[in-house]
2 protein chains.
Amino acid sequence: MKRSPGFDLESFLPYRLSVTTNRVSRAFAAQYQQEFGISIPEWRAIAVLGAFAPLSSNGIVERTAMDKAKVSRAVANLLKRGLIEREPHATDQRLIQLTLSKAGRKIYEAVIPRARAIEAEVTKGLSKADIAHLHWTLDRISARLDETESE
Amino acid sequence: MKRSPGFDLESFLPYRLSVTTNRVSRAFAAQYQQEFGISIPEWRAIAVLGAFAPLSSNGIVERTAMDKAKVSRAVANLLKRGLIEREPHATDQRLIQLTLSKAGRKIYEAVIPRARAIEAEVTKGLSKADIAHLHWTLDRISARLDETESE
DNA sequence: TGACATTCGTTTCATTTGAAACGATCGTAA
DNA sequence: TTACGATCGTTTCAAATGAAACGAATGTCA
């Protein structure tokens, strides 16, 4: 009557994903933190502002998969440190247009190559095809989650 | 002088890993929470105790990649709820032998097939080879992190 | 126009988190 | 034996987190 023989947590996919991802996140956070003094939420906000500014806070929410409270706090910090600038939206007073400041863009341009370097380091030993396959796999899983969550 | 043209956060591997993994974790946490009333740290402790009991708290730490504070809290909760039992180690008074109780094993055996089912659901559409490749890829990344961190 | 729901962003609240301090126990070496 | 450092597990503390409440602004529809 003994079921589930030899369940192995270490080969359980959600566990493996979680552990590996957390390690990667830590490695990155350490870099950003010590070299640029920014957290991961702040880095994400800077990244999308660098590419898509001007954006509202909600625009950042949509592009970073962070909830609005987190974005609000990240934005508040970046404003306090003068890395982004805000100005009211022309017609919709609820929206706030956010842009990288001079200093913010400087950090953006310093961080990007650094980020790419760390990404390359982590994926060293993987071929282009391996990496493409990983992205494809993550896409498939995400798609499955979309289906599952909307049931 | 404009560097880093078109950096795309959504194809940035650490970001993708983080977002996808968090979604998977949430989906699982919701299941465990509502069906069995246990958190992810608690579930992990139960999982390794189910397979390797008796274990000390430190044994759980080593097999779950959680820090000892987290394990300590999870163990305290499971004890309070009568899902695990503790008895002193024969020779080393610092160690505490932990085992699943009757009720704990019941939950363990109920959760395992459920966990496998959700895993199967998330990986639906992926072939055996795809999943094997994903595990292999995560192994490679972990190995790279091992090297990087020990430098 | 007015009433009502919705959206935006902030703030509050309870919970979770990891780092560090801690007491207790053990191993080791003088 | 007696120090001294290491290990085990708990607890404390400050920071991060997400859910929910909130005020302000906009959209919708009668």
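All heavy atoms count here, side chains included; hydrogens, waters and symmetry mates do not. Order of the sequence lines fixes the chain letters, A, B, ..., with proteins taken first and strands second; residue numbering starts at 1 for each chain.
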A:S56 and A:R94: CA distance, side-chain angles, deciding distance, side-chain contact (heavy atoms from CB on, under 4.5 Å) verdict: CA-CA 9 Å; A:S56 65; A:R94 293 171 305 179; over 6 Å; no
N/O (side chain, B:R94) to phosphate O (OP1/OP2, C:dG23) under 4.0 Å: no
Student check: side-chain heavy atoms of B:W136 and A:D130 closer than 4.5 Å: yes
First of A:N58 and A:R26 reached from the 5' end of DNA chain C, by closest nucleotide: A:N58
Protein proximity profile, nucleotides 10-15 of chain D - base contact B, sugar-phosphate-only contact S, no contact -, cut-off 4.0 Å on heavy atoms: BBB---
Integer-rounded Å distance: D:dA16 P and B:D67 CG: 17 Å
Same apolar cluster: B:I112 and B:I60, side chain cutoff 4.5 Å: yes
Protein-nucleotide distance (B:L95, atom CG; C:dA24, atom P), rounded to Å: 17 Å
Separation of atom NE2 in A:H89 from atom C1' in D:dA24, rounded to whole Å: 16 Å
Atom pair CD (B:E42) and CD (B:Q33), whose distance is rounded to the nearest 0.5 Å: 8.0 Å
Touch class at under 4.0 angstrom, heavy-atom based, for B:S56 against every strand present: sugar-phosphate
Short side-chain to backbone donor-acceptor contact, A:T21 and A:S18, under 3.5 Å: no
Whole-Å gap separating P (C:dT17) and CD (B:E42): 10 Å
Protein-nucleotide distance (B:K70, atom NZ; C:dT15, atom P), rounded to Å: 18 Å
Whichever of B:D92 and A:E62 has its nearest DNA chain C nucleotide further upstream toward 5': A:E62
Interatomic distance where CG belongs to A:N22 and C1' belongs to C:dT17 [whole Å]: 12 Å
Value rounded to 0.5 Å, distance of CD1 in B:I107 from CG in B:L83: 4.5 Å
